[in-house]
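Structure record follows, encoded as structure tokens.
Position 1 is the first residue of the sequence, and the numbers go up from there. In each ligand, atom 1 is the first atom listed, and ligand 1 is the first ligand listed. The analysis underlying the following values was restricted to heavy atoms, covering all of them including side chains, and did not include hydrogens, waters or symmetry mates.
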Amino acid sequence: MHSWNAPAWTPLPASGLPLRLFDTRSGRIAPVVPQQEGHARLYVCGITPYDATHLGHAATYHAADLMHRALADTGHRVTTAQNVTDVDDPLLERAARDDVDWRELAASQVALFAEDMEALRVLPPHTFRSVSEAMEEIIAAVTALVERGRAYRVENDDVVDADWYLDLSQDGALGDVSGWSEEQMLEVFAERGGDPERPGKRGRFDPLLWRAARPAEPAWDAPMLGRGRPGWHVECVCIADQGLGLPFDIQAGGSDLIFPHHDLSAAHAVALGRPFAVAYAHAGMVAYEGEKMSKSLGNLVFVHRLVRDGVEPMAIRLVLMAHHYRSDWAWSDAELDTARQRLETYRAAARRGGRHQAVVEALRASLRQDLDTPQALAVLDAWAAGEEPPTLELGPDAPADVAAAADALFGLDLT
Ligand code: 5CA
Ligand code: ZN
């Protein structure tokens with residue numbers, strides 16, 4: 001599936017210093033050491049395209065973009081992959097409600113998402129694949145789980161065929177990523193697509209692997225499984241494997257995906273006999289009007305609407321940078337005003353010709369330290385105000401162009 005056009009990007013000569021990133025699984029900040037020497041592989045969970053991109057999504061993809069740029073700055077080749085959940089209950093329900101074909105709904109929302117990502121100068125993923133595109137591998141993976149004795153059937157009243165579930169008890173991988181207790185899991189499982197109470201399941205958290213075809217729902221033929229469609233988590237295992245190979249270095253997404261999605265994606269991979277990701281990076285949740293921004297609540301701020309109303313995408317990026325990616329925060333118009341002023345100030349400073357090795361080095365250091373963008377803004381604020389940066393011992397070849405560095409490291413176009 002076509003993603004979006006890449007922004008101009010000229011990485012700085014590599015620093016050779018590692019990115020230190022918080023890993024949800026270990027609960028610690030640790031250097032990212034790629035599994036393959038010199039080649040870092042990053043997966044970020046993509047959108048469910050039934051509504052336009054909101055600021056919460058943008059914040060998560062901004063964080064993943066910073067990971068991509070930071071890994072490149074250490075000197076690694078970087079490969080990235082992202083899925084599109086185009087076969088899932090909320091999307092199918094919305095398509096039925098609005099009487100549009102689910103494929104058309106998905107395509108139109110993916111196109112809007114791509115426009116927003118391009119405007120925000122997010123680097124496009126190398127692999128951008130939807131569930132419907134990956135169906136062959138998904139069927140193969142679910143079939144392999146059946147063959148490995150990891151899957152079981154749950155009968156249905158409304159259709160002849162049974163659904164298939166993953167038996168989590170066999171590998172003991174539940175909770176490996178989140179580290180949560182079963183009580184914590186139960187609190188969110190149902191609202192995040194799970195069905196803890198379904199009769200016939202062996203374990204409450206066993207995830208749906210394959211749902212037997214229902215009338216008016218899209219379905220695919222799968223010889224051993226029966227006609228149907230996949231459950232949620234298996235898609236990211238298959239798309240990551242195809243785009244990156246397992247195990248890859250970083251699985252990223254918003255913190256709402258820690259459980260069940262990332263926990264259970266990893267459990268699927270383990271059941272397939274494959275380790276999943278080495279580290280897990282999660283972005284905080286963006287709120288608006290007192291609640292987490294979410295499609296189901298409708299309290300959304302849309303990137304495309306802001307842009308249409310004349311807000312510069314780089315000002316939106318500066319609002320995102322003002323919050324550490326791991327913190328939860330709320331969108332506000334006052335912060336947008338601050339960001340617009342910042343953008344003007346930075347651009348004026350860049351026009352005056354901002355060459356300063358120590359400033360560039362301080363920007364790189366803040367990015368390397370768990371993507372500390374508030375610190376990077378403090379560095380840029382001081383630079384734009386003409387303050388003297390600390391003197392650092394830097395080689396004659398150390399990059400000095402501050403605007404070029406802001407662009408390479410943070411995707412900030414100050415021209
Ligand atoms: N398709 C699945 C992932 S496989 C999904 O979660 N889609 S989504 O459209 O609901 O979200 C897309 C991405 O944005 C996910 O990484 C999710 O964690 C993140 N996200 C969703 N809402 C917010 C929010 N309010 N703040 C920050 N990130 C968010
Ligand atoms: Zn995912």
Side-chain angles (χ1 to χ4, degrees), residues 1 24 42-65 67 80-92 94 105-106 109-110 112-113 116-117 120 122 125 127-132 134 138 177 188 191-194 207 230-244 248 250-269 276-277 280-303 319-320 323-331:
M1 170 175 271
T24 302
L42 167 70
Y43 186 88
V44 59
C45 281
I47 57 164
T48 306
Y50 69 92
D51 214 333
T53 326
H54 59 65
L55 249 302
H57 302 130
T60 285
Y61 299 113
H62 172 249
D65 188 49
M67 291 171 209
T80 61
Q82 185 175 146
N83 66 310
V84 173
T85 307
D86 65 348
V87 180
D88 198 16
D89 294 342
L91 182 137
L92 299 174
R94 178 67 64 93
L105 174 63
Q109 298 313 309
V110 168
L112 281 178
F113 171 66
D116 291 351
M117 291 298 104
L120 291 172
V122 170
T127 292
F128 188 60
R129 283 183 96 209
S130 68
V131 175
S132 56
I138 293 173
V177 172
V188 301
E191 78 193 43
R192 295 181 184 171
W232 175 20
H233 316 292
V234 68
E235 72 194 59
C236 288
V237 179
C238 293
I239 294 170
D241 192 20
Q242 189 264 340
L244 306 175
F248 55 95
I250 305 172
Q251 162 76 68
S255 61
D256 58 339
L257 298 186
I258 296 171
F259 186 86
H261 185 50
H262 290 167
D263 222 316
L264 295 185
S265 298
H268 281 66
F276 191 50
Y280 294 80
H282 292 106
M285 288 292 113
V286 182
Y288 186 57
E289 292 172 340
E291 298 243 38
K292 171 194 155 185
M293 230 181 254
S294 86
K295 286 178 269 209
S296 48
L297 291 174
N299 56 335
L300 306 175
V301 178
F302 293 113
V303 176
V319 175
L320 300 175
H323 300 273
H324 190 267
Y325 78 97
R326 281 198 281 128
S327 59
D328 296 332
W329 55 281
W331 173 265

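- The heavy-atom pair separating Phe113 from Thr53 by the smallest distance is CA-OG1, 3.2 Å.
- Nearest to atom 12 (C) of ligand 1 among the protein's heavy atoms is Tyr61 OH, 3.3 Å.
- Residue Asn83 touches ligand 1 through its side chain alone, judged by heavy-atom distances below 4.0 Å.
- Summarising the contacts of atom 18 (O) of ligand 1 with Asp256, Asp328, Leu55, Asp88, the nearest heavy atom is found in Asp256.
- When all heavy atoms of Leu112 and Ala52 are compared, the pair lying nearest together is CD1-CB, 4.1 Å.
- You'll find the side chain of Tyr43 reaches within 4.5 Å of the side chain of Leu244, heavy atoms only.
- For a distance bound of 2.8 Å, the N, O or S atoms of Cys236 include one lying that close to the Zn ion (ligand 2).
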After noting the C-alpha distance and the side-chain angles of Val301 and Met293, does the key distance pass the side chain to side chain contact (heavy atoms under 4.5 Å, CB included) rule?
CA-CA 8 Å; Val301 178; Met293 230 181 254; 3.8 Å; yes

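- Heavy-atom proximity to Gly284, at under 4.0 Å, picks out these atoms of ligand 1: 26 (N), 27 (C).
- Ligand 1 has an N or O atom lying under 3.5 Å from an N or O atom of Gly46, backbone or side chain.
- Expressed to the nearest 0.5 Å, how far CZ of Phe276 lies from NE2 of His268 amounts to 10.0 Å.
- Using a 4.0 Å heavy-atom cutoff, Ala252 is absent from the residues neighbouring ligand 1.
- The shortest N or O to N or O distance between Thr85 and ligand 1 is under 3.5 Å.
- Looking at atom 10 (O) of ligand 1, its nearest protein heavy atom turns out to be Lys295 NZ, 4.0 Å.
- Between Asp116 and Phe302 the shortest side-chain heavy-atom distance does not fall below 4.5 Å.
- One side chain, Asn83 or Glu235, offers a donor N or O that lies under 3.5 Å from an acceptor on the other.
- Residues Tyr280 and Ile258 are not in side-chain contact: their nearest non-hydrogen atoms beyond the backbone lie 4.5 Å or more apart.
- Here the closest heavy-atom approach between residue Met1 and residue Ser130 is recorded as CE-CB, 3.9 Å.
- If you look at Leu257 next to ligand 1, the close heavy atoms, those under 4.0 Å, all belong to the side chain.
- Looking at Met293 against ligand 1, both its backbone and its side chain come within 4.0 Å, counting heavy atoms.
- Taking a cut-off of under 4.0 Å to the non-hydrogen atoms of Gly253, the atoms of ligand 1 that pass are 16 (O).
- Among all heavy-atom pairs drawn from Val131 and Thr85, the shortest one is CG2-CA, 3.9 Å.
- Counting backbone and side-chain atoms alike, His262 contributes no N/O/S atom closer than 2.8 Å to the Zn ion (ligand 2).
- The shortest heavy-atom distance from His282 to ligand 1 is not under 4.0 Å.
- Proximity annotation for atom 19 (C) of ligand 1: of Asp86, Thr60, Val286, Leu300, Thr60 comes nearest, heavy atoms only.
- In this structure, Ala59 does not count as a contact residue of ligand 1, since none of its heavy atoms falls inside 4.0 Å of the ligand.
- When each atom of ligand 1 is checked for a heavy atom of Gly254 under 4.0 Å away, the hits are 16 (O), 17 (C), 18 (O).
- Scanning all heavy atoms of the two residues, the minimum distance from Pro230 to Ile138 falls at CB-CG2, 3.6 Å.
- Numbered from 1 in the order shown, with element, the atoms of ligand 1 that lie under 4.0 Å from a heavy atom of Cys236 read 4 (S).
- Near Lys292, with a cut-off below 4.0 Å to any heavy atom, the atoms of ligand 1 are 25 (N).
- The protein non-hydrogen atom at the shortest distance from atom 22 (N) of ligand 1 is His54 CE1, 3.6 Å.
- Annotation: side chain of Leu300 is not in contact with side chain of Tyr288 (no heavy-atom distance under 4.5 Å).
- Of the protein's non-hydrogen atoms, His57 CD2, 3.2 Å is the one closest to atom 14 (O) of ligand 1.
- Near Ile47, with a cut-off below 4.0 Å to any heavy atom, the atoms of ligand 1 are 1 (N), 7 (N), 9 (O), 12 (C).
- Residues Ala106 and Asp86 approach most closely at CB-CB, 3.9 Å, considering heavy atoms.
- Contact annotation for Ala283 and ligand 1: no heavy atom of the residue comes within less than 4.0 Å of the ligand.
- Of all protein heavy atoms, the one closest to atom 27 (C) of ligand 1 is Gly56 O, 3.0 Å.
- Under 4.0 Å from ligand 1, heavy atoms of Cys45 appear from its side chain as well as its backbone.
- Between Arg192 and Asp256 there is no salt bridge, since no side-chain nitrogen of the basic residue lies less than 4.0 Å from a carboxylate oxygen of the acidic one.
- Distances between N or O atoms of Thr48 and those of ligand 1 include at least one value under 3.5 Å.
- Taking 4.5 Å as the limit, some side-chain heavy atom of His261 sits within range of a side-chain heavy atom of His233.
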